[in-house]
Protein chains: 2
Amino acid sequence: MLIPAARPASYRASRNVPDCSSCALGHLCMPNGLAPAALSRLEAVIHTARPVKRGETVFRAGDVFHNLYAVRSGSLKTVSTRADGREQVTGLHLAGEALGLDGISDDTHPSTAIALEDSSVCVIPYRPLASLCAEADTMQRRMHKLMSEQIVRETAQAMRIGALTVDERIVSFLLDVSSRYRKRGYSPAEFNLRMTREDIGSYLGMTLETVSRTLSKFRKRGLIEMQGRAVRIVDFDELQRV
Amino acid sequence: MLIPAARPASYRASRNVPDCSSCALGHLCMPNGLAPAALSRLEAVIHTARPVKRGETVFRAGDVFHNLYAVRSGSLKTVSTRADGREQVTGLHLAGEALGLDGISDDTHPSTAIALEDSSVCVIPYRPLASLCAEADTMQRRMHKLMSEQIVRETAQAMRIGALTVDERIVSFLLDVSSRYRKRGYSPAEFNLRMTREDIGSYLGMTLETVSRTLSKFRKRGLIEMQGRAVRIVDFDELQRV
DNA sequence: CGACCGTTTGAGTGAGGTCAACCGCTGTGG
DNA sequence: CCACAGCGGTTGACCTCACTCAAACGGTCG
């Protein structure tokens, strides 16, 4: 049976995933390892939890960069507009992941972040965070890792689009999302994609029809179950071998 | 007439591009704005300039991460190996650009860096650099910008591959390289790609035959001149409108 | 209830991949 | 010094994968 949305279920408890009570953020604002002084500073920096309704934006392309964000709950997509006006989905950000790191580059957000469902984000003013990084070594390390991870993810995404067939791209996408949910303590087998077929196609460099056809094919082969945007991965092994 | 390799020519002098005498690094180790104390620290951190012959590697996928690198002269490609063994070119790094930022993520280099020509790289030990970032605010800011720029570049690359036709991809690639040379004080119109057609194809998600055909088409239309890997952009405007 | 949006599925087409032949340059060994 | 092998590049012919266009369905909201 398919659940309508991903939920922590028993995974969090059983797999002993650390819980950041202040903002449920995974490793971005996870206090482990921080000196008490630095911890209280961090809490002072992260002062707001901002709710974002489905379809609303957290920031828009061109906005002046002031804050980083961390997804507290829900999920968001980032879209970039090309020179010719066409829009493309360039990122998917799940609960516990960071948002807005690309704005540091030239103090302007290059993309627009849109909530895929009613969500909540932590607002983290960049300047104070940078100061904190200078004082607490662990914090700086965490910041660098976070940015480096984003670089690795983007590179993987470019490879995904460039070197894989559409079947492989869909598989890679599903497994990527799955592993990201697992990392945050949610079920890696059942989750809700929340994106439309068009969003997925835009993200993976293919048309919405092809997305639909490919998912249908996988369903018929018994690799996945799905109704609408809810997905359940039935056969990981078989899925992995294309 | 086509030059065999990109060279500073008169651009550097005439356009007043800052020159970093210690390692010709553009903004990565460009001392402008650093306090004298921080500057001497920086020089202490960047202790080695390592020569790399064409085809040699600076680091390999799987190597433990210790150092960042900055390209002093020449150019390198980064390649990643997919699960199925196929290799893909994931990055191109020109003189003055950074290398290895993706290794911070989990203390392991995820890709292999290979020199496209006889080159030279600055070796920058990460730990001391991080300490310096904690002490000098400008240095931290620079570091963050550098990583954020890399994120933006990778996102652009994913969009390039995902949303553009092969013609558009080639144009976008040529203009990208061109603007990067301009930024470093080299001629934006004449440069040497150094990569094989296969490398370019791998980087742009297409076959080497298609790369060759497309470049030939552009040459016949008078948009570019080229012999071998040397390129001269003749008509920027016409090239830009696909 | 009807309009609309997202999705599914089908049929036809074309952009780009595949396979193959050939050219020119470079390096190597007889 | 020349012959030859090997690599990178170009071009052609053919084919296929994924896009385009089109139709129809189901759920949701006013």
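Proteins get letters first, then strands, A, B, ... in listed order; numbering begins at 1 in each. For the numbers below, each heavy atom of this structure counts, side chains included, while hydrogens, waters and symmetry mates do not.
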Can you tell me how far [atom2] of [N] sits from [atom1] of [X], to the nearest Å?
X: B/Arg197; N: D/dG8; atom1: CZ; atom2: P; value: 12 Å
X: A/Asp167; N: D/dA18; atom1: CG; atom2: C1'; value: 11 Å
X: B/Arg54; N: D/dC7; atom1: CZ; atom2: P; value: 13 Å
X: A/Leu215; N: C/dT8; atom1: CG; atom2: P; value: 7 Å
X: A/Ile170; N: D/dA18; atom1: CD1; atom2: P; value: 11 Å
X: B/Met206; N: D/dT10; atom1: CE; atom2: C1'; value: 14 Å
X: B/Glu168; N: C/dA15; atom1: CD; atom2: C1'; value: 12 Å
X: A/Lys217; N: C/dG10; atom1: NZ; atom2: C1'; value: 15 Å

Open item on the list: Between the base of D/dG12 and the side chain of B/Arg213, is one N or O donor paired with an acceptor at under 3.5 angstrom?
Closed with: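 It does, because a donor-acceptor pair links the side chain of B/Arg213 to the base of D/dG12 below 3.5 Å.
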Task: Side-chain donor/acceptor contact of B/Glu198 with base of D/dC7 under 3.5 Å - done: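 For B/Glu198, whose side chain was compared with the base of D/dC7, there is no donor-acceptor pair (under 3.5 Å).
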Open item on the list: I want to confirm an ordering. Mapping A/Glu209 and A/Thr165 to their closest nucleotides on DNA chain D, which one lands closer to the 5' end?
Closed with: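 Going by which nucleotide is closer to the 5' end, it is A/Thr165.
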Open item on the list: Taking side-chain hydrogen bond (donor to acceptor under 3.5 Å, both in side chains) as the criterion, tell me which of B/Thr196, B/Asp199, B/Thr90 meets it with B/Lys77.
Closed with: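 Going through the options one by one, the only one that passes is B/Asp199.
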Open item on the list: Just to be sure I understand the rule, does A/Gly201 reach a base, reach only the sugar-phosphate, or reach nothing, if contact means heavy atoms closer than 4.0 Å?
Closed with: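 Nothing, no heavy atom under 4.0 Å.
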Task: Test: A/Asp237 and A/Arg241 ion pair at under 4.0 Å - done: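 Between A/Arg241 and A/Asp237 there is no salt bridge, as every charged N stays at least 4.0 Å from the carboxylate O atoms.
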Considering just the side-chain nitrogens and oxygens of [X], establish if one lies under 4.0 Å of OP1 or OP2 belonging to [N].
X: A/Thr196; N: C/dG6; answer: no
X: B/Ser212; N: D/dT11; answer: no
X: A/Thr207; N: D/dT20; answer: no
X: A/Arg229; N: C/dG6; answer: no

TODO: Compare every heavy atom of A/Ser119 with every heavy atom of A/Gly74, then report the nearest pair and how far apart it is.
DONE: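 Reported closest heavy-atom pair: CA-OG, 3.4 Å.
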Open item on the list: Using every non-hydrogen atom in the two residues, find where B/Thr57 and B/Arg60 come nearest and quote the distance to one decimal.
Closed with: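 Smallest heavy-atom distance, with atoms named: OG1-NE, 3.7 Å.
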TODO: Tell me which nucleotide among C/dG16, D/dA18, C/dT9 gets nearest to the side chain of A/Lys220.
DONE: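 Of all the options, the side chain of A/Lys220 is nearest to C/dT9.
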TODO: Classify the side-chain pair A/Ser75/A/Arg194 by whether it contains a donor and acceptor separated by less than 3.5 Å.
DONE: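 Absent: no donor and acceptor within the cut-off.
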